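Some notes on the structure that comes next.
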Amino acid sequence: MQTPTYAPKHALAQAHVDLSAGLRLPTNGLDYAILAIYFVVVLGIGFAARRSVKTSLDFFLSGRSLPAWITGLAFVSANLAATEILGMAANSAQYGAYTVHWYWIGAIPAMVFLGLVMMPFYYGSKVRSVPEFLLLRFDRWAHLLSSVLFAFAAVLIAGVNLYALAIVVEALLGWPQWVAIVVAGFFVLAYITLGGLSSAIYNEVLQFFVILAALIPITVLGLKKVGGWSGLTDKLTVLHGPDFVTAWGGTGIGSANPLGANWLTIVLGLGFVLSFGYWTTNFAEVQRALSAKNLSAAQRTPLIAAYPKIFIVFLVMIPGLVTAALVPKIGSSGSGLQYNDAIPYLMQELLPNGVLGIAVTGLLAAFMAGMAANISSFNTVFTNDIWSKYVVRHREDEYYVRFGRLITAIGVMASIGTAFLASSFSNIMAYLQTLFSFFNVPMFVVFIVGMFWKRASAKAGFWGLLAGTVTAMVNYFVIYKEGIIGIPSDQGANFVSAIAGFAAGAVVMFIVSLFTAPKPAEDLEGLVYGTRSPGMAEPAAAGDDAWYRRPVLLGWGAVILAAACYIPFSF
């Protein structure tokens with residue numbers, strides 16, 4: 001899942017007919033040659049990475065051997081799926097500069113918290129997955145429930161990436177949806193099965209630069225088309241009012257705005273609960289940091305990723321704003337374009353052949369990065385946290401490598417099925433954020449309470465996770481969908497579901513802990529804040545005293561830079 005995304009009213013599922021009819025790209029042999037070269041390189045990386053896979057640690061965590069800059073770029077690339085690119089551009093076309101909240105409030109603080117506070121616990125405890133940390137901190141029931149929930153969510157989210165890819169490829173290149181789903185699924189299956197996590201990570205580094213090569217020309221040419229930034233803001237102010245080009249306009253408590261959310265729900269629902277729930281407990285992201293070569297590199301992984309994340313918002317927001325300026329009636333029946341069409345529309349209007357091939361390749365790379373992140377995390381959790389601990393135990397290491405490859409294939413096949421399931425939802429972006437509120441937020445509350453409160457008992461983990469998940473689902477499907485309480489939008493409902501799930505999980509954990517025994521103090525060493533384990537007391541490597549290798553300096557630098565970027569959009 002990528003960053004929690006505010007959904008446009010019109011779904012990709014609803015828009016693909018219009019896309020197919022009106023936005024077919026004028027691709028030629030040069031564009032297809034670029035696409036073919038990219039797929040050859042992807043498979044080549046998979047074959048090259050296969051030579052390094054000798055143990056299950058190599059397959060699932062790259063042998064914990066990768067440098068921080070590699071894992072950092074993979075970390076941000078795994079999040080930069082095309083559902084985010086299309087969805088954030090759509091948000092900007094519909095809601096304007098509100099999009100910056102999903103980056104500077106909804107990502108950077110949580111990424112810094114993960115690097116500075118949580119990675120020492122993850123990496124120092126030598127766990128192979130996020131659910132395995134719950135096994136150490138709580139008990140087998142919390143571990144099993146979190147493993148099942150995460151595996152289920154990973155397949156669902158991978159399916160969303162596949163379905164979104166299929167409808168865009170159908171529209172832009174004319175391929176049938178099922179062909180796009182099968183082809184993309186095959187390539188992801190091939191390079192992950194061959195090289196495991198190393199293959200996924202090195203491909204994600206490649207994909208990061210391919211995605212930038214796709215977005216930068218669209219952004220630059222789009223700004224040129226509307227007379228630069230000042231011309232863009234002037235035109236949008238006339239069309240939509242001054243709040244459209246500010247981050248906080250109309251978000252006062254009691255004020256009406258299209259988001260259906262005020263500043264308090266933005267800060268608490270998005271900036272704290274959803275954001276921290278996603279970035280700190282989503283194993284599709286944390287797995288990249290766990291593959292780093294030492295604790296310092298693991299801590300720096302999300303911090304290095306935070307710097308490009310600060311600026312990527314411009315590459316997805318500006319194309320949406322440009323489209324809103326060029327097509328004033330976008331999203332209405334009169335324009336023939338939906339909000340989700342913003343990026344494809346600019347690709348059609350602005351890009352020459354060759355550059356167009358790079359842009360199409362960038363979109364496909366983004367979809368594949370998002371899917372690969374979820375599939376590689378799925379195979380790790382299913383093999384290590386479900387199969388090896390509860391089904392087939394104490395087998396030789398080679399067996400689990402073979403099973404990891406098998407479950408990767410099964411995961412891809414299941415994702416193809418959930419891709420067609422995603423097609424039944426009228427709004428893919430709302431569907432994604434709903435999944436985050438159901439699965440990531442309850443896990444976050446269990447982590448945060450268990451990490452900072454020694455008294456949290458072993459039983460509290462399971463019941464807190466269950467209560468948070470059920471409460472979020474009840475709020476969405478019963479209270480919101482049945483109209484018991486009026487909530488202005490799906491996104492507002494997701495914010496409320498996240499807050500309710502977090503509160504319910506915390507309260508249940510507190511109550512259960514009062515009536516059950518805590519774990520012995522010696523079992524909590526290195527798992528609760530204020531304690532240390534030998535694995536966390538890692539000596540500094542030579543040269544690690546350089547400022548750019550100090551996690552605290554990197555973290556505070558990212559926060560200050562993100563806050564500074566907010567200033568031009570705040571007034």
Side-chain angles (χ1 to χ4, degrees), residues 1-6 68-81 84-85 87-89 91-92 95-117 119 204-205 207-216 218-220 222-223 229 245-248 266-267 270-272 274-276 278-280 282 285 288-289 299-321 362 366 369-370 547-571:
M1 188 266 218
Q2 51 265 42
T3 304
T5 305
Y6 179 68
W69 76 269
I70 291 286
T71 55
L73 291 181
F75 189 99
V76 71
S77 181
N79 170 253
L80 194 60
E84 172 169 333
I85 293 172
M88 289 298 186
N91 283 350
S92 304
Y95 304 114
Y98 286 123
T99 302
V100 299
H101 295 313
W102 275 261
Y103 290 79
W104 300 335
I105 283 182
I108 304 304
M111 295 168 77
V112 171
F113 183 82
L114 171 63
L116 298 184
V117 178
M119 280 316 303
E204 284 161 2
V205 173
Q207 287 159 345
F208 173 77
F209 292 105
V210 173
I211 292 166
L212 292 187
L215 292 177
I216 290 173
I218 295 174
T219 303
V220 172
L223 278 175
W229 179 253
V245 291
T246 67
W248 295 103
I266 290 173
V267 171
L270 172 64
F272 176 59
L274 278 171
S275 171
F276 279 67
Y278 175 80
W279 289 104
T280 65
N282 182 14
E285 299 292 339
R288 274 78 195 139
Q299 285 191 276
R300 283 182 280 132
T301 293
L303 304 180
I304 290 171
Y307 285 88
K309 187 71 176 175
I310 292 170
F311 300 104
I312 284 171
V313 63
F314 297 112
L315 299 181
V316 293
M317 180 179 71
I318 290 175
L321 296 177
W547 70 267
Y548 55 85
R549 290 181 176 172
R550 296 180 186 177
V552 172
L553 291 180
L554 282 175
W556 278 110
V559 170
I560 292 170
L561 186 57
C565 289
Y566 243 125
I567 295 174
F569 294 93
S570 298
F571 305 101

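Not measured: the values here are computed from a predicted model.
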To the nearest 0.5 Å, how far apart are OG1 in Thr71 and CD in Glu204? 11.0 Å

Minimal non-hydrogen separation, Trp229 against Ile318, with atom names: CZ3-CG1, 4.1 Å

Output yes when a side-chain donor or acceptor of Thr301 lies under 3.5 Å from a complementary backbone atom of Ala289, and no otherwise. no

Find out whether Val76 and Ile312 are in side-chain contact, i.e. whether some heavy atom of one side chain is under 4.5 Å from a heavy atom of the other. yes

Kindly indicate whether the side chain of Phe314, heavy atoms from C-beta on, has any atom under 4.5 Å from the side chain of Thr219. no

Would a 4.5 Å heavy-atom cut-off, applied to side chains only, mark Phe311 and Leu561 as touching? yes

Taking the side chain as C-beta and beyond, is there a heavy-atom pair between Tyr98 and Met317 under 4.5 Å? no

Scanning both residues in full, the closest heavy-atom pair of Gly362 with Ala214 reads CA-CB, 3.8 Å

What's the separation between atom CD1 in Ile304 and atom CG in Leu73, rounded to the nearest 0.5 Å? 7.5 Å

Drop me the distance from Asn79's CG to Arg288's CZ, to the nearest 0.5 angstrom. 11.0 Å

Are the ring centres of Tyr103 and Trp279 closer than 6.0 Å? no

Which atoms form the tightest heavy-atom contact between Ser275 and Ala110, and what is the distance? OG-CB, 3.3 Å

Correct closest heavy-atom pair for Pro551 and Arg300 would be CG-CG, 4.2 Å

Between the main-chain N or O of Gly106 and the side-chain N or O of His101, is there a donor-acceptor pair closer than 3.5 Å? no

So do Val112 and Trp556 actually touch side chain to side chain, heavy atoms under 4.5 Å? no

Mind checking the OG1-CH2 spacing from Thr99 to Trp104? Nearest 0.5 Å is all I need. 10.5 Å

Would Val313 and Trp102 count as a side-chain contact (heavy atoms from CB on, under 4.5 Å) if you check the C-alpha gap in whole Å, the side-chain angles of each, and the deciding distance to 0.1 Å? CA-CA 8 Å; Val313 63; Trp102 275 261; over 6 Å; no

What are the two closest heavy atoms between Pro302 and Phe75, and how far apart are they? CB-CZ, 3.9 Å

Do the side chains of Leu116 and Leu303 get nearer than 4.5 Å, heavy atoms only? yes

Taking the side chain as C-beta and beyond, is there a heavy-atom pair between Ile108 and Lys309 under 4.5 Å? yes

Could you tell me if the side chain of Leu114 sits less than 4.5 Å from the side chain of Met119, heavy atoms only? yes

Please say which of Leu215, Ile218, Asn91 ends up in a side chain to side chain contact (heavy atoms under 4.5 Å, CB included) with Val316. Leu215

Shortest non-hydrogen contact from Tyr566 to Ala247? CE2-CB, 3.9 Å

